[in-house]
Amino acid sequence: NKNNKNNLSEQSSNTLEINKAHEIPWTDLLLSGSADKNLRIWNIKTLKTIKCISLHKHEVSCVIGLIRNESTLIIISSDLNGSLGRIFIDITYQNNTLSLTNERKTLHN
């Protein structure tokens, strides 16, 4: 719904228009899908982007994520054209630092 968009400041002075956001339970992570066609993973405590993922060719309309086996972040997203994105990212914590590696993504039209 275009009337319910939220704004969240990135690390720069630019403002990002977010269409959908999803907090991942038991983590400090927030996922967002934006009008700029990108998905972002945010640190909730700092409100800074951890990772920006380019996948969609149209405005992102929905995003949801979950952690599988405490080691894989799974993100499912869709855009205004009806395309469905799937992203798998390995996650590790070392010395209280989060690492996101080995990104695998597909887009289904």
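Note that the structure is a prediction, hence the values are computed from the model and not measured.
- Residues L29 and N43 fail the side-chain proximity criterion, which asks for heavy atoms closer than 4.5 Å.
- With hydrogens and angles disregarded, no donor-acceptor distance shorter than 3.5 Å links the side chain of N19 to the backbone of G33.
- Residue N95 holds its CG atom at 13.0 Å from CG of L98, rounded to the nearest 0.5 Å.
- E103 approaches I87 most closely through the heavy-atom pair CG-CG2, 4.2 Å.
- At a threshold of 4.5 Å between non-hydrogen side-chain atoms, the residues S61 and L80 count as touching.
- Atom CZ of F88 and atom CD1 of I75 lie 10.0 Å apart (nearest 0.5 Å).
- In this structure, S54 and N38 approach most closely via the heavy-atom pair OG-OD1, 2.9 Å.
- The two atoms that bring A21 and L30 nearest to each other are CB-CD1, 4.2 Å, heavy atoms only.
- Of the possible donor and acceptor atoms, one in the side chain of D79 sits under 3.5 Å from a partner among the backbone N and O of N81.
- At most 12 non-hydrogen atoms from other residues, nucleotides or ligands lie less than 6.0 angstrom from NZ of K37.
- Residues L107 and I41 fall within the same hydrophobic cluster, defined by Ile, Leu, Val, Met, Phe, Trp and Tyr side chains chained together at heavy-atom separations under 4.5 Å.
- Residues R104 and D90 form a side-chain contact, since some pair of their non-hydrogen atoms from C-beta on lies under 4.5 Å apart.
- One distance of note links CG of L100 with CD1 of I53; it measures 8.0 Å at 0.5 Å rounding.
- When the side-chain contact (heavy atoms from CB on, under 4.5 Å) test is applied to K57, no partner is found at least two apart in sequence or on another chain.
- The nearest pair of heavy atoms linking L55 to G85 is CD2-CA, 3.7 Å.
- Interatomic distance, NZ of K20 versus CD of E59, reported as 11.0 Å (0.5 Å rounding).
- I24 and I76 fall into different hydrophobic clusters, defined by Ile, Leu, Val, Met, Phe, Trp and Tyr side-chain heavy atoms under 4.5 Å apart, directly or through other members.
- The minimum heavy-atom distance between H56 and S77, with the atom names listed, is NE2-OG, 2.6 Å.
- Shown here for S34 and E17, the closest heavy-atom pair between the two residues is CB-O, 3.4 Å.
- R40 contributes atom CZ, which lies 8.0 Å from atom CD1 of I18 (distance to the nearest 0.5 angstrom).
- Note: the hydrophobic cluster containing V63 also contains I50 (ILVMFWY, side chain heavy atoms under 4.5 Å, direct or indirect links).
- The line from CG of L31 to NE2 of H22 is 6.0 Å long, rounded to the nearest 0.5 Å.
- Hydrophobic clustering (ILVMFWY, side-chain heavy atoms < 4.5 Å, transitive): L66 and I64 are in one cluster.
- Hydrophobic clustering (ILVMFWY, side-chain heavy atoms < 4.5 Å, transitive): L73 and L84 are in distinct clusters.
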